[in-house]
2 protein chains.
Amino acid sequence: MSDTTDLPAPSLDVEGWTCPAPLRDRPRVVMGHGGGGALSAELVQQIFAPSYGGEALSQMGDAAVLSLGGARLAFSTDSYVVRPLFFPGGSIGDLAVNGTVNDLAMSGARAAYLSCGFILEEGVELDTVTRVAEALGAAARTAGVEVATGDTKVVEAGHGDGIYLNTAGIGVVPAGVDLRPQRVVPGDVVIVSGAIGVHGVAIMSVREGLEFGVEIESDCAALGGLVEAMLAVTPDLHVLRDPTRGGLAASLNEIAAASGAGVVIRERDVPVPPAVANACAILGLDPMYIANEGKLVAFVPREHADAVLAAMRAHPLGTDAAIIGEAVDSHPGMLVARTGLGGTRVVDLPLGEQLPRIC
Amino acid sequence: MSDTTDLPAPSLDVEGWTCPAPLRDRPRVVMGHGGGGALSAELVQQIFAPSYGGEALSQMGDAAVLSLGGARLAFSTDSYVVRPLFFPGGSIGDLAVNGTVNDLAMSGARAAYLSCGFILEEGVELDTVTRVAEALGAAARTAGVEVATGDTKVVEAGHGDGIYLNTAGIGVVPAGVDLRPQRVVPGDVVIVSGAIGVHGVAIMSVREGLEFGVEIESDCAALGGLVEAMLAVTPDLHVLRDPTRGGLAASLNEIAAASGAGVVIRERDVPVPPAVANACAILGLDPMYIANEGKLVAFVPREHADAVLAAMRAHPLGTDAAIIGEAVDSHPGMLVARTGLGGTRVVDLPLGEQLPRIC
């Protein structure tokens, strides 16, 4: 290996995502590999799936749906490396519960049990560990999920970053519920459960010391109850996603690619709070790519859309739910936004994440 | 807080475990909190259980046994932070499969599905990630378990340590199987599946550059098949544990404490390979405290002990299985070793781990 390729590849998180480079030209891990965009997908498709992928992993949903012991279960995991550990509206403990609970909810499952693995850095204050554990416990009680099993490892000071967490979750998928992008058909209505971009901007504001006029709190929340309310209208929803890393753009691109349908959204119908819009304008970011932690996007058969929207708006976590677009039979696999001026633009899968370690 | 308490507490991993200090006198995380001994137990009992513990967590087994969707499931998790990533006889990828598969096996469950979370350090070579993923895949195929769902996060260079892994696993517990320390009664026979101390000494030899005459390979292996062979003799085994961090001493102490029975072992009957004995003699360590990754210890009703031992010896992972002691009604909750010279000694729960980051 030459001296040049021996150096770490530059991080491409902020400015690089319009210029994807194939994995083979990139000998080392860059921050964007953890961003939930094109680089993350490459890692899965080129390394993880060939090494150990089976039928379940190939579903590529937020959770795998499995048959085990006569039960139909959802199973999902996420690690959490957010920096800082505490931020307006939440902490790594809240994220570790809600992130995994939401991944299960996107398969229609109510989370029943979580595992919890702590990787602690030598020297971190036990008070900090206690605050995180208490936040995790409070979030679990709110979400109605039980932490059933755990593990703790400690790494030397200077490694780790205070606390990393991993949770995995299991829950039962109700009979008749089958949520996958492959079920999306042209004509499906796209509904988002509320304002987008809030979590990412909240993290940015504390990490970079930026002020955007008003304090923005993370939208971190558990969506199991909202999903139950939607499924009570009809079990025949087609797909749900929580647009975390990579934002709404990544989720909608993944659904378009996996379904083969095209997706059109109307920009002016996407709920973006003024504080998020201002922050994005200042920083040159697109709210479509900013992470959320308490929102979902749904593809709903047209005949059920109004009733599902009403049920969402009647739930505390869906009061600002809005229809933002639809699945179409033109431009298959692509996400297109109609701009406020009447034009259209292609919204690509991001390469990485605009701000790393947001969850 | 004074300047003195503001400093990180000293790491007590090697020499300190005979002198436990209560958690309240220790304001920060030390390496021993991840060692699987008394400090780890304090962390769980004083911070984690009060914050989020429920009925399942209070089982304190290697895996939680749960009812979900009509199925009786085992659920377990471990994070893996071993250094170096590759060692004689295995890698972090093998550990991440076998460690979690074995935790499930200790409840009698055959592992069905694993989740897998990678925390990658920016700059680690993708070739290294690929080698770990391939080792993980090979170990999963050997163990007969499917990786169903995953996640990848990336942390900045200088944080993390190349690769941390977390796996969680689920499997079905067979009907009639109820493995818990509370079922141990005086008279139960203690059987170990083979030579102890091998994994810890293998890691020590590569990390510290020590030579012990012969190369020692980790015993890292998946024990699901061995457990199935034992349960085929009788489902009425009382408890199984895989003595990883903290070694045989930690596992037997935990069983003694949770069962209320005393445990006696005969030192000369405990299989310790000469290379492990030599390494321990040189380093002043006790093989009873050294980690294993492919061994189990069983408490078996006396009437089944010979048949279970025979079944273990007929399995490739149990050829050196041996009866090493028994549960007694004297000294309840304590582990006592009869020495080769006819004396006895109390074998305490270790405070931490003699060598951190062995798994």
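The basis for the numbers below is simple: all heavy atoms, side chains too, and nothing from hydrogens, waters or symmetry mates. Quick note on labels: first sequence line is chain A, next is B, and so on, each numbered from 1.
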Quick check for you: among [options], which has the greatest number of heavy-atom pairs under 4.5 Å with chain B?
options: A:N166, A:V44, A:L68, A:V155; answer: A:V155
options: A:R83, A:H159, A:E55; answer: A:H159
options: A:L120, A:T130, A:I170; answer: A:I170
options: A:V173, A:T152, A:V172; answer: A:T152

When the ring planes of B:Y164 and A:Y164 are compared, do they come out parallel, tilted or perpendicular, using 30° and 60° as the limits?
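B:Y164 vs A:Y164 ring planes: tilted.
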When rounded to the nearest 0.5 angstrom, what distance separates [atom1] in [X] from [atom2] in [Y]?
X: A:E353; Y: A:L351; atom1: CD; atom2: CG; answer: 11.5 Å
X: B:N102; Y: B:E293; atom1: CG; atom2: CD; answer: 7.5 Å
X: B:R28; Y: A:T128; atom1: CZ; atom2: OG1; answer: 8.0 Å
X: B:N98; Y: B:T244; atom1: CG; atom2: OG1; answer: 12.0 Å
X: A:M106; Y: A:R241; atom1: CE; atom2: CZ; answer: 10.0 Å
X: A:E122; Y: B:H33; atom1: CD; atom2: NE2; answer: 11.0 Å

Evaluate the side chain to side chain contact (heavy atoms under 4.5 Å, CB included) criterion for residues A:V65 and A:R180: first the C-alpha distance (whole Å), next the side-chain angles of each, then the deciding distance (0.1 Å), finally the verdict.
CA-CA 10 Å; A:V65 177; A:R180 341 175 239 119; over 6 Å; no
Nearest non-hydrogen partners of [X] and [Y], listed with the distance:
X: B:V81; Y: B:R357; result: O-NE, 3.0 Å
X: B:T167; Y: B:A96; result: OG1-O, 2.7 Å
X: A:I92; Y: A:L165; result: O-CD1, 3.8 Å
X: B:A56; Y: B:L66; result: CB-CD2, 3.6 Å
X: A:F75; Y: A:L104; result: N-CD2, 3.8 Å
X: A:H199; Y: A:I358; result: NE2-O, 2.6 Å

Side chain / backbone / both / neither for [X] at chain A, heavy atoms under 4.5 Å:
X: B:I119; result: side chain
X: B:Q59; result: neither
X: B:R72; result: neither
X: B:S79; result: both

Toward chain B, the part of A:T100 with a non-hydrogen atom under 4.5 Å
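Answer is neither: A:T100 stays 4.5 Å or more from chain B.
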Can you tell me which portion of A:S40 sits under 4.5 Å from chain B's heavy atoms? Options are side chain, backbone, both or neither.
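For A:S40, there is no contact with chain B at all, as no heavy atom is under 4.5 Å.
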Can you tell me which of [options] forms the most heavy-atom pairs within a distance under 4.5 Å of chain A?
options: B:T77, B:D103, B:D161, B:L73; answer: B:T77
options: B:G93, B:P50, B:A71; answer: B:A71
options: B:S76, B:G70, B:G36, B:G53; answer: B:S76

Check whether any side-chain N or O of A:R245 sits under 3.5 Å from a backbone N or O of A:C359 as a donor-acceptor pair, and report yes or no.
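No; zero donor-acceptor contacts below 3.5 Å.
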Side chain of A:E121, backbone of A:A157: donor and acceptor closer than 3.5 Å?
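Checked: no pair found.
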Chain A neighbours within residues 132-146 of chain B, where any heavy atom lies under 4.5 Å away:
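Residues in range: B:A133, B:E134, B:L136, B:G137, B:R141, B:E146.
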Which residues from residues 107-117 of chain A are near chain B, with near meaning under 4.5 Å between non-hydrogen atoms?
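Those residues of residues 107-117 of chain A which have a heavy atom under 4.5 Å from chain B are A:A112, A:Y113, A:L114, A:S115, A:C116, A:G117.
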